[in-house]
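Each ligand, and each atom within it, is numbered from 1 in the order the structure gives.
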Amino acid sequence: MANHKKYIVGNWKSNKTLTQVEEWFNIFHRLYKENKNADLHNIIVVVCPAFPHLFIAKKLRDQYKLPIEIGAQDISPYSAGAYTGAVSSNMIKEFAGYVIIGHSERRKNFLEDDHILTQKVTRAKEIGLTPIYCVPDKNTYVPKDTDIVAYEPVWAIGTGKIEIPEKADEVALFLKNRFPESVVLYGGSVSPDNIGGFSTVKNIDGFLPGGASLDPQKFWEIIVHASIF
Ligand code: PGA
């Protein structure tokens with residue numbers, strides 16, 4: 001595994017009520033306190049709740065002084081203004097430092113294409129949000145100046161089937177050659193049970209767990225595993 005900082009980005013997708021978000025933070029806080037010796041200095045943890053929960057996530061993070069960054073799962077391609085239903089970059093920036101863009105679920109269910117995704121990256125960058133740009137394969141278009149690219153094969157998302165670590169590492173290397181400035185993550189059924197298989201890969205800079213991130217215990221275990229790679 002790359003020896004600079006590694007990212008663990010939890011994508012909660014369209015899950016959790018307000019109460020469940022509070023529960024998650026309470027449990028995560030307890031785990032953090034109980035494991036004060038865990039050395040997380042080389043890990044950047046990002047949690048991405050749904051829009052209505054960004055506020056409380058940031059509030060609880062601050063209150064508990066957790067080493068967690070907040071991320072959004074999407075962003076409007078437009079600036080603030082007459083775009084009913086859209087959540088613009090300046091609103092997100094009040095609570096978050098990161099934003100997931102181009103997740104395959106957005107591409108498939110919301111018909112987002114390269115053009116709109118490029119606009120989203122532009123909106124994120126101009127306000128100072130770091131885009132985490134998801135690609136289903138190594139040849140997918142990536143807008144320029146994308147800082148973090150997440151390789152997420154569609155067949156591995158939410159299926160329990162993980163990409164062979166060496167194969168994911170090859171894709172990560174390919175993406176790094178395409179985008180030398182980028183950090184490359186792997187996502188798709190990452191869990192505490194299978195993350196150990198990635199301990200020796202060289203080009204993957206972190207992980208983007210979805211399902212496993214909903215459970216604070218599993219998410220914590222993923223973080224701890226990654227911290228000792
Ligand atoms: P999963 O989701 O870990 O549940 O497969 C990952 C993702 O879609 O980002």
ask   = So which pairs with a foot in residues 142-151 pass salt bridge (charged side-chain N to carboxylate O under 4.0 Å, His left out), sequence neighbours left out?
value = Lys125-Asp147
ask   = Distance-only, no hydrogens or angles: does the Asp169 side chain make a donor-acceptor pair with backbone N or O of Ala172 under 3.5 Å?
value = no
key: Donor-acceptor contact below 3.5 Å, side chain Tyr7 vs main chain Val183   = no
key: Element-labelled atoms of ligand 1 that are located less than 4.0 Å from some non-hydrogen atom of Leu208   = 6 (C), 9 (O)
ask   = With a 4.5 Å limit on heavy-atom distance, are the side chains of Phe174 and Asn139 in contact?
value = yes
key: Pair Lys108 + Glu105: basic N to acidic O under 4.0 Å   = no
key: Heavy atom of the protein closest to atom 3 (O) of ligand 1 (residue, atom name, distance)   = Gly210 N, 2.8 Å
query = With respect to atom 2 (O) of ligand 1, which of His103, Lys13, Gln73, Lys161 exhibits the smallest heavy-atom separation?
reply = Lys13
ask   = Does the side chain of Glu152 come under 3.5 Å of the side chain of His103 through a donor N or O and an acceptor N or O?
value = yes
query = Which bit of Asn11 is near ligand 1, meaning a heavy atom under 4.0 Å away: side chain, backbone, both or neither?
reply = side chain
note = Numbered in order shown, the ligand 1 atoms found under 4.0 Å of a heavy atom of Gly158 are 1 (P), 4 (O), 5 (O)
ask   = Below 4.0 Å from any atom of ligand 1, is there a heavy atom belonging to Ala150?
value = no
remark   = Numbered in order shown, the ligand 1 atoms found under 4.0 Å of a heavy atom of Pro209 are 3 (O)
message = I'd like to know if Gly187 contacts ligand 1, where contact means a heavy-atom distance under 4.0 Å to any ligand atom.
response = no
request  = Starting from atom 4 (O) of ligand 1, find the nearest protein heavy-atom neighbour and note its residue, name and distance.
outcome  = Gly211 N, 2.8 Å
query = Which residue holds the protein heavy atom closest to atom 9 (O) of ligand 1, what is that atom called, and what is the gap in Å?
reply = Glu152 OE2, 2.8 Å
request  = Verify, without hydrogens or angle tests, whether Lys138 (side chain) and Val171 (backbone) share a donor-acceptor contact under 3.5 angstrom.
outcome  = no
key: Where Ser189 and Gly158 come nearest, the two heavy atoms and their spacing   = OG-N, 3.8 Å
query = What atoms in ligand 1 come closer than 4.0 Å to a heavy atom of Gly188?
reply = 5 (O)
inquiry  = Would Ser189 count as a contact residue for ligand 1, given that I'm defining contact as a non-hydrogen atom of the residue lying under 4.0 Å from a ligand atom?
reply    = yes
request  = Can you sort out which atoms of ligand 1 are near Ala156, meaning under 4.0 Å from one of its heavy atoms?
outcome  = 5 (O)
task = Go through Lys176 and Ser182 one step at a time and tell me if the side-chain contact (heavy atoms from CB on, under 4.5 Å) criterion holds.
result = CA-CA 6 Å; Lys176 283 194 162 165; Ser182 294; over 6 Å; no
